[in-house]
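Take a look at the structure set out below.
All values below were derived from every heavy atom in this structure, side-chain atoms included, with hydrogens, water molecules and symmetry-related copies excluded. It should be emphasised that the depicted structure is a prediction, and the values quoted were computed from it without experimental measurement.
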Amino acid sequence: MERKISQQVRGYRTKDGAGVSLVRVLGNGTVQEYDPILMLDSFDSTNPEDYTAGFPMHPHRGIETISYVYRGFMTHKDSLGNEDTIGDGEVQWMTAGSGIMHEEKLPAAKRMLGVQLWLNLPAKDKMAPPAYHSIKNSEIEEFKFDWGKLRLLAGEFEGRKGYMGKYLPLNYYDLHLNSNAAIVLNTESERSVMVFTLLGDAYIGGTLVKEKTAVKLTAGDEVEIKATDENAQVLFISSKQLAEPVAWGGPIVMNTKEELNAAFAELRKGTFIQNEISY
């Protein structure tokens, strides 16, 4: 059965961090429909003034942040002592778990283009040990086809495996479609599937979707994605719906208000981070 679009959300320009101009697509109002993807922010600018202010040190708990920088650079530093830069096609995957402090710097480049996802953690894993992993280009397999190419950022594609998340299954593909070309992707019927049009418009399940739009798909075992008269770059994200309660407060996402209040109380008392490195 072919998947169709059940909902679509087009992003809007806003600012976050120390004044980073970005396109916010998913957030508090889309939690239930896009479960387990909590947030999706997109970066797209040729003006360094839009993003070089970056994101100063801040806390997270209860989620994983997955940043894909197709163009440009992102430098990560955290309370575990990790410091790392990704760029031009690479991914950083941070498990906040029980609690982490991190900052993201965005150095000037010809273009900053990419997205950050917040992937929810199951209730049983909310307090998992924090961790950081970067997925470099040497670990990202590319598949070339008549219609264009697919970059396997994480998960599996036709039996080939990329980086595998520890807590939720996540297939994350970067699709580059030539003009008027189409691909039919097989999908596991029980998976929660969403697609994001990073560059260009595209037909998804037969419906025209504008650039910088996230769409949630109905159940099914395949979906067709087709470019218009122009090339398109589309992100395909497939995971497992959690169907658990969500209590969201800024950078912290738990299951109950009590857990949320406890996290903020720990921040005030200075007991939020359990494995902090002093700089």
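A salt bridge between Glu2 and Lys4 is present, with a side-chain N of the basic residue lying under 4.0 Å from a carboxylate O of the acidic one. Using a 4.0 Å cut-off between a side-chain N of Lys or Arg and a carboxylate O of Asp or Glu, Lys77 and Asp84 do not qualify as a salt bridge. By the 4.0 Å N-to-carboxylate-O rule, Lys240 lies too far from Asp35 to be salt-bridged with it.
Side-chain contact between Val115 and Ser67: absent, with no pair of heavy atoms (C-beta onward) separated by less than 4.5 Å. A heavy-atom distance below 4.5 Å is found between the side chains of Val195 and Leu217. Using a 4.5 Å cut-off on side-chain heavy atoms (C-beta onward), Ser134 and Trp93 make no contact. At least one side-chain heavy atom of Thr213 sits under 4.5 Å from a side-chain heavy atom of Val215. With contacts defined as side-chain heavy-atom distances shorter than 4.5 Å, the pair Lys136/Ile140 does not qualify.
Counting only residues at least two apart or in different chains, salt bridge (charged side-chain N to carboxylate O under 4.0 Å, His left out) contacts with residues 156-169 comprise Glu141-Arg160. Applying the ring-ring contact (aromatic ring centres under 6.0 Å, His included) test to pairs two or more places apart or on separate chains, those with a residue in residues 167-188 are Tyr70-His176, Phe157-Tyr173, Tyr173-Phe236. Residue pairs meeting the ring-ring contact (aromatic ring centres under 6.0 Å, His included) criterion with at least one member in residues 119-142, sequence neighbours excluded, are His76-Tyr132, His133-Tyr163. Here ring-ring contact (aromatic ring centres under 6.0 Å, His included) pairs that include residues 185-218, with residues two or more places apart or in two chains, number zero. Within the structure, no pair that satisfies the ring-ring contact (aromatic ring centres under 6.0 Å, His included) test touches residues 11-43, not counting sequence neighbours.
Results of the side chain to side chain contact (heavy atoms under 4.5 Å, CB included) test with Val69 over Val91, Ile86, Asp88, Leu113 single out Ile86 as the only residue that passes. Tested against Leu235, the residues Leu117, Asp174, Leu40 include a single side chain to side chain contact (heavy atoms under 4.5 Å, CB included) partner, Asp174.
Gln116 and Glu104 share a donor-acceptor pair across their side chains, judged by distance under 3.5 Å alone. A donor-acceptor pair shorter than 3.5 Å can be found between the side chains of Thr187 and Arg3.
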Step by step, would you call Leu106 with Thr52 a side chain to side chain contact (heavy atoms under 4.5 Å, CB included)? CA-CA 5 Å; Leu106 307 173; Thr52 51; 5.7 Å; no
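The backbone N or O of Asn231 sits nowhere less than 3.5 Å from a side-chain atom of Ser179 that would complete a donor-acceptor pair. Without hydrogens or angle criteria, Ser21 side chain to Asp50 main chain gives no donor-acceptor distance under 3.5 Å.
Checked against side chain to side chain contact (heavy atoms under 4.5 Å, CB included), Ala262 has no partners two or more places apart in sequence or in another chain.
Leu22 and Tyr68 are members of different hydrophobic clusters when ILVMFWY side chains are connected at heavy-atom separations under 4.5 Å. Leu38 and Met254 sit in two unconnected hydrophobic clusters of ILVMFWY residues. Membership requires side-chain heavy atoms under 4.5 Å apart, directly or through other members.
Ring-plane geometry between His60 and His58 is classed as perpendicular, the angle between the planes exceeding 60 degrees on a 0 to 90 degree scale with a lower cut at 30.
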